Colleague: 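Sharing a structure below in structure tokens format, with a few things to ask.
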Amino acid sequence: MPRRAPFIVIEGLDRSGKTTQTSLLHSHLESLKISTKLLKFPDRTTAIGKMIDSYLRSQSELDDHAIHLLFSANRWELAPTITSLLTSGTLVLCDRYAFSGIAFSAAKPSLRATFPSTENDALLWCRAPDISLPAPDLTIFLDITPDQAKLRGGYGEERYEKEEMQKRVREVFHRLGEEMSSPVDGVNDSKDKRWVVVDAGREREVVARELWQLVEPLIEGVDEEVGRLWENNLNS
């Protein structure tokens with residue numbers, strides 16, 4: 001099959017420098033004349049995205065289960081676009097994706113309390129709506145402690161920017177990273193390199209160089225079809 005463009009996601013806690021690094025990477029790709037589409041989730045421009053935006057700014061209230069499903073629906077709105085872009089040769093770069101939606105919801109005490117039979121672990125429920133979304137070829141997790149993040153400008157402006165919440169979110173991110181790095185059916189293949197943790201507590205330029213070292217090997221294209229997130233869970 002012909003090569004397609006890669007799908008790259010940058011994840012991280014709030015104030016981890018994620019948006020800055022995504023923007024720097026996008027600019028660098030464009031400077032090299034590489035066809036690139038930058039997406040940000042939640043996409044606050046769609047009808048669903050506007051509801052999410054109002055919620056995140058604390059201008060409206062929604063049940064925690066309902067807002068989680070809206071976040072997932074917002075990603076599904078753009079899933080066909082992502083696949084189409086990749087197959088037509090346009091690199092897709094995402095600022096947040098399904099992993100953020102799952103991590104932030106699974107960290108909420110209200111959702112954890114919904115599932116006492118699983119020892120208050122909401123991860124499986126939170127992940128279910130995103131099963132079969134287009135899978136990234138590379139997810140870069142910008143890791144920073146909540147103590148470091150709260151020292152950065154603007155911390156606390158949105159609903160989830162509370163230190164205890166961020167600590168729980170970070171724990172779920174690390175669980176997701178371990179899952180994404182695990183061999184499939186006991187086989188060590190390229191999937192064990194699809195989730196990479198980067199220390200985001202360093203200087204911006206240092207982090208940017210490391211991100212480029214991770215992305216550069218993919219820009220020539222990917223030989224595989226677009227994968228699906230957690231598709232092995234469909235049969236479990």
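Below, each value reflects all heavy atoms present in this structure, side chains not excepted, and no hydrogens, waters or symmetry copies. Nothing here was measured: the structure is a model prediction, and the numbers come from that model.
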Colleague: Among residues two or more places apart or on two chains, list those pairs meeting salt bridge (Lys or Arg N to Asp or Glu O under 4.0 Å) that have a residue in residues 26-39.
Modeller: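 Every candidate salt bridge (Lys or Arg N to Asp or Glu O under 4.0 Å) pair involving residues 26-39 fails, so no pair, neighbours aside, qualifies.
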Colleague: Show your working on side chain to side chain contact (heavy atoms under 4.5 Å, CB included) between Thr83 and Arg228 and close with a plain yes or no.
Modeller: CA-CA 10 Å; Thr83 301; Arg228 298 289 167 183; 3.9 Å; yes
Colleague: Measuring from Thr46:OG1 to Met51:CE, what's the distance to the nearest 0.5 Å?
Modeller: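 Rounded to the nearest 0.5 Å, the OG1-CE separation comes out at 10.0 Å.
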Colleague: Give, for atom OG of Ser72 and atom CD of Glu77, the distance between the pair rounded to the nearest 0.5 Å.
Modeller: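 Reported value, rounded in 0.5 Å steps: 10.5 Å.
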Colleague: Enumerate, atom names and distances included, each donor-acceptor pair closer than 3.5 Å involving a side-chain atom of residues 204-214, sequence neighbours excluded.
Modeller:
unit_1: Glu210; atom_1: OE1; unit_2: Arg202; atom_2: NH1; d: 3.3
unit_1: Glu210; atom_1: OE1; unit_2: Arg202; atom_2: NH2; d: 2.5

Colleague: Would the distance check show the side chain of Ser84 and the main-chain N or O of Thr81 forming a donor-acceptor pair, the cut-off being under 3.5 Å?
Modeller: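 Such a contact is absent between Ser84 side chain and Thr81 backbone.
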Colleague: Check whether any side-chain heavy atom of Ile144 sits under 4.5 Å from a side-chain heavy atom of Arg170, and report yes or no.
Modeller: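 The answer is no, as the side chains (C-beta and beyond) never meet within the 4.5 Å cut-off.
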Colleague: Taking Arg96 first and then Asp14, would you say they form a salt bridge - that is, a charged N and a carboxylate O separated by under 4.0 Å?
Modeller: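 The answer is yes: the pair qualifies as a salt bridge.
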Colleague: Suppose the criterion is ring pair (Phe, Tyr, Trp, His ring centres under 6.0 Å): which pairs have a residue in residues 76-98, not counting sequence neighbours?
Modeller: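 Residue pairs with at least one partner in residues 76-98: Phe7-Tyr97, Phe41-Tyr97.
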Colleague: Relative to the ring of Phe99, is the ring of Trp230 parallel (under 30°), tilted (30 to 60°) or perpendicular (over 60°)?
Modeller: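 The arrangement is perpendicular - the two ring planes meet at more than 60°.
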Colleague: Would you compute the distance between atom OG1 of Thr20 and atom CZ of Arg15 and round it to the nearest 0.5 angstrom?
Modeller: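 These two atoms lie 9.5 Å from each other.
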Colleague: Just how far is it from atom NE2 of His174 to atom OG of Ser181, taken to the nearest 0.5 Å?
Modeller: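 Output value for this atom pair is 11.5 Å.
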Colleague: Could you tell me whether the side chain of Leu32 reaches within less than 4.5 Å of the side chain of His28, counting heavy atoms only?
Modeller: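 Yes; the side chains approach each other to less than 4.5 Å.
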Colleague: Is the shortest side-chain heavy-atom distance between Leu29 and Ile219 below 4.5 Å?
Modeller: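 The answer is yes; the side chains approach within 4.5 Å.
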Colleague: Donor-acceptor pair, Ser54 side chain versus Lys50 backbone, under 3.5 Å?
Modeller: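 Not at all, since once roles are kept as given, no pair shorter than 3.5 Å links the two residues.
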Colleague: Pick from Ile140, Thr139, Leu142, Asp143: which one makes a side-chain contact (heavy atoms from CB on, under 4.5 Å) with Val197?
Modeller: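 It is Asp143; the other options fail the test.
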Colleague: State, to 0.1 Å, how close Ala73 and Ile48 come at their nearest heavy-atom pair, and which atoms those are.
Modeller: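 Ala73 and Ile48 have their closest heavy atoms at CB-CD1, 3.8 Å.
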Colleague: Under the side chain to side chain contact (heavy atoms under 4.5 Å, CB included) criterion, do Ile67 and Lys108 qualify, and how do the steps go?
Modeller: CA-CA 12 Å; Ile67 190 64; Lys108 292 181 180 180; 3.5 Å; yes
Colleague: Would you confirm whether Thr36, through its side chain, and Ile34, through its main-chain N or O, come within 3.5 Å as a donor-acceptor pair?
Modeller: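 Answer holds: yes.
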Colleague: Looking only at heavy atoms, what is the nearest atom pair of Tyr55 and Asp64, with distance?
Modeller: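 Result for this residue pair: OH-OD1, 3.5 Å.
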Colleague: Looking only at heavy atoms, what is the nearest atom pair of Ile102 and His68, with distance?
Modeller: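 Closest pair (atom of Ile102, atom of His68, distance): CA-CE1, 4.2 Å.
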Colleague: Hey, could you give me the NE2/CG distance between His26 and Leu39, rounded to the nearest 0.5 Å?
Modeller: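 It is 9.5 Å, given to the nearest 0.5 Å.
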Colleague: Any heavy-atom pair between the side chains of Ile8 and Asp137 that's under 4.5 Å?
Modeller: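 Side chain of Asp137 against side chain of Ile8, heavy atoms only: no contact under 4.5 Å found.
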Colleague: Using the test side-chain contact (heavy atoms from CB on, under 4.5 Å), find all partners of Lys167 that sit at least two apart in sequence or belong to another chain.
Modeller: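 Lys167 satisfies side-chain contact (heavy atoms from CB on, under 4.5 Å) with Pro146, Glu163, Glu164 only.
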Colleague: Quick one: pull up CZ in Arg44 and CZ in Arg57 and give me the separation to the nearest 0.5 Å.
Modeller: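 These two atoms lie 5.5 Å from each other.
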Colleague: How close do Pro109 and Arg168 get, heavy atom to heavy atom, and via which atoms?
Modeller: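 Closest approach of Pro109 to Arg168: CD-NH2, 3.5 Å.
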Colleague: So does Asp43 get a backbone contact from the side chain of Asn74, meaning a donor-acceptor N/O pair under 3.5 Å?
Modeller: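 Judged by distance alone, yes, a pair lies under 3.5 Å.
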Colleague: Show the nearest heavy-atom pair for residues Leu229 and Met180, with the distance to one decimal.
Modeller: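 Heavy atoms only, the tightest pair is CD2-CE, 4.1 Å.
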Colleague: Kindly state each residue pair satisfying salt bridge (Lys or Arg N to Asp or Glu O under 4.0 Å) with at least one member in residues 17-29, sequence neighbours excluded.
Modeller: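 Sorted pair list: Lys18-Asp95.
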Colleague: Is Ser88 reaching over with its side chain to a backbone N or O of Leu85, donor-acceptor style, under 3.5 angstrom?
Modeller: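 Flag set: sc Ser88 to bb Leu85 pair under 3.5 Å.
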Colleague: Salt bridge or not between Arg194 and Glu224? Use side-chain N to carboxylate O under 4.0 Å.
Modeller: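 The answer is yes: the pair qualifies as a salt bridge.
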Colleague: Knowing that exactly one of Ser16, Cys94, Ser100 qualifies, which makes a side-chain contact (heavy atoms from CB on, under 4.5 Å) with Glu11?
Modeller: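 Exactly one candidate clears the test, Ser100.
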Colleague: Do the non-hydrogen side-chain atoms of Leu56 and Pro42 ever get within less than 4.5 Å of each other?
Modeller: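 A side-chain contact under 4.5 Å exists here.
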Colleague: Any idea which heavy atoms bring Ser35 and Thr90 closest together, and the distance?
Modeller: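 The pair with the smallest heavy-atom distance is OG-OG1, 2.9 Å.
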Colleague: Going hydrophobic residue to hydrophobic residue with side-chain gaps under 4.5 angstrom, can you get from Leu24 over to Val215?
Modeller: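 Looking at the clustering, Val215 is in a separate group from Leu24.
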Colleague: Please verify the inter-ring angle class for Phe173 with Trp195; under 30° counts as parallel, over 60° as perpendicular, anything in between as tilted.
Modeller: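 The arrangement is tilted - the two ring planes meet at 30° to 60°.
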Colleague: Mind checking side-chain contact (heavy atoms from CB on, under 4.5 Å) for Leu69 and listing every partner two or more places apart, or none if nothing turns up?
Modeller: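 Partners of Leu69 under the side-chain contact (heavy atoms from CB on, under 4.5 Å) test: Trp125, Pro129.
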